[in-house]
Amino acid sequence: MKYNEHFSDMTENYLFAEVADRVARYSKAHPDKKVLKLGIGDVTLPLAPAVIEALHSGVDDMAKAETFKGYGPYEGYDFLREAVQGYYKKAGVELALDEIFISDGAKSDLGNILDIFSENNTVLIPDPVYPVYVDTNVMAGRKVIYASANEANGFLPMPDFHVDADIIYICSPNNPTGAAYTKEQLKVWVDYASKKGAVILYDAAYECFIKDDTLARSIFQIPGARTCAIEFCSLSKIAGFTGTRCGYTVIPMDLKKGGFIANRMWLRRQSTKYNGVPYIVQKGAAAVFTDEGMAQIKANLAVYQKNADTIAKCMDRLGIWYTGGKNSPYIWLKCPGGMGSWEFFDYLLGEVQVVGTPGAGFGKNGEGFFRLTAFGSPATTEEAVERMEKLLRK
Ligand code: PLP
């Protein structure tokens, strides 16, 4: 017996543990100081009332023999797939029902999708990045190359047609940088993938934060994407489902190569290793897409968007360079005074007790940058911004 040797190639990600550790040490030494956290990537507002009502009705269904549900379809109930189909239609994207797969969230699908691809593929990933893309590929022994995201390209790297890649990750609006590609930029990526015969794994987990109508909410708004892209999305951020767990993945029927049809392979994979999202959760998820549910979740999103705006405006006043904040809950700022990421972390914590996330934790190119998030309460956000502004004005 041998263990998977690629596990030893994975670098330990100490980022959030190290942040928690430094905050705990500081709080212990300074019990009188109130620490404000703008580092969390998790939502804080409760589920919308329409969702709660639907969850309750799902529970009631399970209590009666006539409406009880056992194993559901691997790919999700039609009532939820139809709701997702309608959501895409509003964005001008026509999808067939069997192109939509319901899951327990984007993270699982982003990792699991790799089952349908050869281990010999070369993977192109932006740096800095959501660490899941890197780790899931290193775990399987794939070769990873990086597209450099930096201040010069606004943290939106474009493809180098001289570089070959088979699997390409794009996340827009991006975590951690908050930067969002224009449709024109995404078209270049689609053309690149098509030319290379590659696939784009498009993470749309933050599409709900897009306010600018000229930006894409889905890769399938881009001509040519149906033959080269898979889209992952989630109810985590749009509707506060981080703890409830529900997402969806879209695999167009047109995505195929050498007799292999990605959509059918994914169904085969899911039916082999997965038994679907709980019926009760799917009932709650469907409520998100009703008019009532949408109105309620938009009110929640508006709270986060206002927080993002509060932070972004503070950076504008201070003249600090940043990306995000406008179509994203993340503000990715250049540490002032040439400070390193962790140096700035300690400075903010020590001087004004504000916690963010050091950019260096998201990749080499994150050094010298810092991520603030809009998921805190408005009161916390405003107070943190006030404290930072006073300190950084000096
Ligand atoms: N993709 C990105 C870029 C994320 O930042 C996150 C969570 O923070 C996820 C996916 C995970 O989403 P889910 O909760 O649906 O697994």
Side-chain angles (χ1 to χ4, degrees), residues 13 15-16 19 37-45 47 51 76 80 84 87 100-114 125-137 147 149 155-157 167-181 200-210 216-219 229-250 270 274 276-278 281-282 284-285 288 297 300-301 304 308 323-324 327-332 356-357 359 361-363 366 371-376:
N13 198 330
L15 178 63
F16 291 103
V19 166
K37 294 184 182 164
L38 293 192
I40 45 161
D42 198 355
V43 292
T44 49
L45 291 169
L47 295 174
V51 172
L80 179 53
V84 172
Y87 185 63
I100 301 164
F101 296 85
I102 306 302
S103 74
D104 66 351
K107 188 175 184 175
S108 329
D109 281 9
L110 279 159
N112 295 335
I113 195 73
L114 295 173
I125 301 181
D127 171 11
V129 74
Y130 177 54
V132 170
Y133 312 153
V134 178
D135 288 349
T136 50
N137 279 290
F155 284 90
L156 292 169
I167 298 174
I168 301 153
Y169 284 83
I170 298 178
C171 175
S172 181
N174 190 272
N175 177 18
T177 71
Y181 282 109
I200 293 173
L201 302 183
Y202 190 82
D203 187 341
Y206 295 94
E207 60 82 26
C208 56
F209 283 93
I210 292 177
R217 301 190 73 129
S218 162
I219 189 72
I230 296 177
E231 180 157 297
F232 302 85
C233 202
S234 166
L235 299 193
S236 282
K237 305 299 153 92
I238 184 175
F241 269 57
T242 51
T244 310
R245 309 303 306 147
C246 195
Y248 52 88
T249 289
V250 177
Q270 290 295 77
Y274 188 60
V277 179
V281 171
Q282 293 194 54
V288 169
I297 61 159
N300 280 3
L301 283 172
Y304 299 139
T323 52
N327 297 287
S328 162
Y330 299 118
I331 290 89
W332 176 256
T357 312
F362 297 100
R371 192 190 76 172
L372 295 172
T373 82
F375 290 119

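Counting convention: from 1, in listed order, for ligands and their atoms alike.
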Colleague: Check whether Y248 reaches the backbone of E231 with its side chain - one donor and one acceptor, N or O, closer than 3.5 Å.
Modeller: no
Colleague: Considering the heavy atoms of A106, write down every atom of ligand 1 situated less than 4.0 Å from one of them.
Modeller: 10 (C), 12 (O), 13 (P), 15 (O), 16 (O)
Colleague: Is the closest heavy-atom distance from C171 to ligand 1 below 4.0 Å?
Modeller: yes
Colleague: Just by modelled atom types, is the V277 backbone N or O under 3.5 Å from a matching donor or acceptor in the Q282 side chain?
Modeller: yes
Colleague: Looking only at protein heavy atoms, which one is nearest to atom 8 (O) of ligand 1, and how far off is it?
Modeller: K237 NZ, 2.8 Å
Colleague: Among all protein heavy atoms, pick out the one at the shortest distance from atom 14 (O) of ligand 1; state its residue, atom name and that distance to 0.1 Å.
Modeller: S236 OG, 2.6 Å
Colleague: Look at the rings of Y304 and F209 and say which category their plane angle falls in: under 30° parallel, 30 to 60° tilted, over 60° perpendicular.
Modeller: tilted
Colleague: Mark yes or no for whether T373, through its side chain, and I40, through its backbone, hold a donor-acceptor pair below 3.5 Å.
Modeller: yes
Colleague: Taking V43's backbone N and O only, do any of them form a donor-acceptor pair with T242's side chain (distance below 3.5 Å, no angle check)?
Modeller: no
Colleague: Between D203, D42, N175, which one has a non-hydrogen atom sitting closest to atom 2 (C) of ligand 1?
Modeller: D203
Colleague: Tell me the protein heavy atom at minimum distance from atom 9 (C) of ligand 1, and give that distance in Å.
Modeller: Y130 OH, 3.2 Å
Colleague: Does D109 offer a backbone N or O that forms a donor-acceptor pair with the side chain of S103 under 3.5 Å?
Modeller: no
Colleague: Return the closest protein heavy atom for atom 16 (O) of ligand 1 as residue, atom name and distance.
Modeller: R245 NH2, 2.8 Å
Colleague: Just checking, is any N or O donor in the side chain of Y133 or D203 under 3.5 Å from an acceptor N or O on the other one?
Modeller: yes
Colleague: Tell me the nearest of Y206, Y133, F241, Y248 to atom 4 (C) of ligand 1, using heavy-atom distances.
Modeller: Y206
Colleague: Starting from atom 15 (O) of ligand 1, which protein heavy atom do you reach first, and at what distance in Å?
Modeller: S234 OG, 2.6 Å
